[in-house]
Chemist: 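Sharing a structure, written as structure tokens. Questions coming.
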There are 2 protein chains.
Amino acid sequence: MVAARAGVSTATVSLVANGKTAGRVSEDNVSRVREAIAELGYVVDGIGSSLAKGVSSVVVLVAPDISNPFFAKVIAGVRDSLGPQYQLLLSVADAGEFPEADDVRRLMSLRPAGLLVDAPNAGFLEDLASPSPLVLLDAPGLEAHAPSVNLDVASGARELAAHLADAGHRQAAYVDSVTGTETFALRREAFLAEAAARGITVGADRIISTTVDVGTAASAFAGAWPAWQRQEVTAVVCSTDTQAYGVLQEARVAGVRIPAELAVAGFDDLPYSATSNPGLTSVHLPAAALGQKAGEQLRRLMEGQPLEMPAVTLESTLVVRGSTAAGS
Amino acid sequence: MVAARAGVSTATVSLVANGKTAGRVSEDNVSRVREAIAELGYVVDGIGSSLAKGVSSVVVLVAPDISNPFFAKVIAGVRDSLGPQYQLLLSVADAGEFPEADDVRRLMSLRPAGLLVDAPNAGFLEDLASPSPLVLLDAPGLEAHAPSVNLDVASGARELAAHLADAGHRQAAYVDSVTGTETFALRREAFLAEAAARGITVGADRIISTTVDVGTAASAFAGAWPAWQRQEVTAVVCSTDTQAYGVLQEARVAGVRIPAELAVAGFDDLPYSATSNPGLTSVHLPAAALGQKAGEQLRRLMEGQPLEMPAVTLESTLVVRGSTAAGS
DNA sequence: CTGAAAGCGCTTACAG
DNA sequence: CTGAAAGCGCTTACAG
């Protein structure tokens with residue numbers, strides 16, 4: 001250990017580098033060691049340190065869909081609350097997939113300081129069996145597995161149903177996501193229940209599922225629209241904004257006027273939704289806050305502190321824009 | 001080391017686990033150890049292994065913009081060629097930023113097996129000074145720093161200029177990106193040179209720059225369009241498809257017919273470009289191949305093999321769609 | 001307040 | 001072909 005050139009033992013250097021000097025190292029030595037560290041540009045070797053401590057400084061974020069503006073905001077929130085002492089690394093699987101049991105084992109053999117898992121399914125969590133602190137994001141119904149930060153998508157969905165009912169819609173359709181993630185089931189069920197309560201009909205034949213992708217949603221809508229039109233559907237709700245963009249696009253091709261003939265809405269409130277024409281009505285989900293809160297909770301766990309609230313839920317709110325403008 | 005219960009020494013277990021048994025361990029012991037490993041579900045501890053070997057099994061991918069469908073494909077390509085023995089981890093900085101010198105040091109203290117850096121600037125590479133094998137992606141002009149895999153954006157840009165000239169356009173405009181990444185300078189210069197050679201005028205006042213973002217591009221176009229229209233501009237080329245979406249959207253708002261009054265084109269050929277209406281003419285960039293090739297090169301480096309071709313360039317091709325349909 | 005020593009879980013020359 | 005031993009770079013009780 002080169003920095004031992006500061007005239008002290010490696011033990012002292014280690015104490016200083018880890019900020020554990022309180023009442024254990026003399027002022028004199030602290031500053032001498034600090035100087036030496038600065039001069040030599042010394043950085044504690046992560047591997048050696050991890051082995052001795054039994055844990056690394058890496059926080060692994062596992063997520064099924066990285067290429068999504070929503071997710072980018074979640075990451076920014078996590079980085080914010082985690083701070084610079086932890087290295088945030090994203091574990092990437094194929095789009096929409098989770099790492100397999102083998103990959104997970106290899107990941108765990110890196111001894112991460114903590115784990116953040118976004119929108120997991122129960123199966124993945126069982127494979128995990130993580131000895132590291134773990135916080136779940138957007139995993140409604142899985143609170144029993146680990147501390148979680150969730151989004152109250154249901155209340156936003158109900159707001160949306162109320163908004164459409166108020167605007168006079170009576171026949172609607174729903175474009176769901178094929179992935180089995182729980183949040184999508186929640187969005188759908190909350191919307192359908194409130195819609196029914198307010199006199200909006202959404203028959204089972206008017207619920208279709210697509211991947212979260214503009215193109216697929218567009219063609220699925222193109223296929224379904226003729227029948228829906230005959231049934232006098234005047235509103236389509238999509239489980240994500242991305243799918244709503246597909247509907248919007250295809251409606252334009254088919255010459256359907258938005259919102260006069262058809263109201264369209266989604267979930268997420270992606271940046272594009274504010275600038276599209278017409279703007280897309282959407283249930284705003286607080287992405288940055290989701291990441292931030294999850295990072296905070298994980299940090300507490302990693303520092304051995306207890307969590308006052310192991311299950312946190314963040315509010316969602318409806319943002320009304322041109323795609324459902326009243327007066328239809 | 002629990003698996004030593006197989007009746008052999010830890011040395012033998014290590015040999016088996018690392019597949020270095022060739023002529024050094026008896027068949028008998030190999031299978032006994034394999035069984036024990038399977039029974040106990042043993043996984044080599046990454047930290048211990050890394051310390052002994054001096055290098056971990058982690059490959060770090062550093063990139064400035066994660067939330068981009070283009071990038072998702074690059075990652076898929078990298079995963080493909082790297083295989084399961086390396087853990088691919090994404091280092092995330094704030095959108096459009098690179099990690100700072102400090103973060104880089106901390107990253108390096110993890111002793112990554114290799115480093116992949118997408119679209120870096122020269123400054124970042126100097127901070128890096130990586131002792132690990134390093135491959136650059138999409139870093140034209142930086143081949144001197146490290147082995148690189150680049151995209152031949154220039155030839156695509158020239159194809160695009162030729163296509164527009166053939167369609168009879170004489171006055172054009174260019175929407176550039178504000179980030180100083182080299183690839184954008186290349187796109188612009190190649191397009192401008194070829195356009196000039198073919199009789200298309202693009203005055204300096206008809207080159208604007210925006211962030212890579214639908215909204216900003218849309219409003220920048222809205223501001224510029226009146227002047228361009230007076231100058232009889234009939235074609236706008238954007239440095240990315242994302243910006244082109246903004247132009248398309250704003251043109252629709254302004255009642256400009258595409259492509260009759262205005263032809264629009266971009267770079268990247270994102271999935272949405274094929275399904276939008278009209279489809280967006282775009283210079284196709286082979287994202288998956290970029291990642292795959294970079295992964296291959298890095299793998300060779302990590303295995304100590306020499307590179308036949310330290311600088312690889314991948315072709316780009318123009319994909320013509322409705323947004324520039326001939327017959328304007 | 002300080003340093004010598006053990007130990008974290010592995011891998012790799014080195015003897016045998 | 002096999003195992004005992006040293007060593008990778010740190011951290012942390014433990015004596016002093």
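Reminder, nothing fancy here: chain letters follow the sequence lines and each chain counts from 1.
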Chemist: Look up atom OG in B:Ser49 and atom CG in B:Asn18, then write down how far apart they are to the nearest 0.5 Å.
Modeler: 6.0 Å
Chemist: State whether A:Thr10 places a side-chain N or O below 4.0 Å from either non-bridging phosphate oxygen (OP1 or OP2) of C:dG3.
Modeler: no
Chemist: Whole Å only: how far is the CD1 atom of A:Ile37 from the P atom of D:dC10?
Modeler: 11 Å
Chemist: Which comes earlier along DNA chain C counting from the 5' end, the contact point of B:Arg24 or that of B:Ile47, where each point is its nearest nucleotide?
Modeler: B:Ile47
Chemist: Which nucleotide in the set D:dG3, D:dT11, C:dT2 lies at the smallest distance from any side-chain heavy atom of B:Val8?
Modeler: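 The listed nucleotide nearest to B:Val8's side chain is D:dG3.
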Chemist: B:Arg111 CZ to D:dC8 P: how many Å, rounded?
Modeler: 10 Å
Chemist: So if I take every side-chain heavy atom of B:Ala52 and compare against D:dT11, D:dT2, C:dC10, which nucleotide ends up nearest?
Modeler: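 Looking only at heavy atoms from C-beta outward on B:Ala52, the closest nucleotide is C:dC10.
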Chemist: Please report the distance, rounded to the nearest Å, between CG in A:Asn18 and C1' in D:dC10.
Modeler: 9 Å
Chemist: Any salt bridge between A:Glu296 and A:Arg299, counting N to O under 4.0 Å?
Modeler: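 A:Arg299 and A:Glu296: not salt-bridged.
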Chemist: To the nearest Å, give me how far apart NZ (A:Lys53) and C1' (D:dA13) are.
Modeler: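 For the pair A:Lys53 NZ and D:dA13 C1', the rounded distance is 16 Å.
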Chemist: Under 4.0 Å: is that the gap between some side-chain N or O of A:Ser49 and OP1 or OP2 of D:dG9?
Modeler: no
Chemist: Does a side-chain N or O of B:Asn29 approach OP1 or OP2 of D:dT2 to a distance below 4.0 Å, or not?
Modeler: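 B:Asn29 to D:dT2 OP1/OP2: side-chain N or O found under 4.0 Å.
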Chemist: Starting at CG of B:Leu15 and ending at C1' of D:dC1, how long is that distance when rounded to a whole Å?
Modeler: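 Result: 10 Å.
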Chemist: For C:dC8, does either OP1 or OP2 sit under 4.0 Å from a side-chain N or O belonging to A:Ser50?
Modeler: no
Chemist: How close do B:Leu116 and B:Ala294 get, counting heavy atoms only, and between which atoms?
Modeler: CD1-O, 4.1 Å
Chemist: Is the closest basic N to carboxylate O distance between B:Asp45 and A:Arg111 below 4.0 Å?
Modeler: yes
Chemist: Among C:dG3, C:dC10, D:dG3, find the nucleotide with the atom closest to the side chain of B:Asp45.
Modeler: C:dC10
Chemist: Closest to the B:Tyr42 side chain: D:dG9, C:dC10, C:dG3?
Modeler: C:dC10
Chemist: May I ask you to evaluate whether B:Thr12 reaches the phosphate of D:dG3, defined as a side-chain N or O under 4.0 Å from OP1 or OP2?
Modeler: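 For D:dG3, OP1/OP2 do have a side-chain N/O of B:Thr12 under 4.0 Å.
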Chemist: If you count the non-hydrogen atoms of other residues, nucleotides and ligands that lie under 6.0 Å from CZ in A:Arg32, is the total more than 12?
Modeler: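 Enclosed: over 12 neighbouring heavy atoms sit under 6.0 Å from CZ of A:Arg32.
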Chemist: Just the rounded figure in Å: distance from C1' of D:dT2 to CZ of B:Arg32.
Modeler: 12 Å
Chemist: For the pair made of CD in A:Glu27 and P in C:dT2, what is the distance, rounded to whole Å?
Modeler: 11 Å
Chemist: Give the rounded distance in Å between these two atoms: NZ of A:Lys20 and P of D:dT11.
Modeler: 8 Å
Chemist: Reading DNA chain D from 5' onward, which residue's closest nucleotide shows up sooner: A:Leu51 or A:Ala11?
Modeler: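 With A:Leu51 and A:Ala11 compared, the 5'-side residue is A:Leu51.
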Chemist: Across all strands shown, which nucleotide pairs with D:dG16 by Watson-Crick or G-U wobble geometry, both distances under 3.5 Å?
Modeler: C:dC1
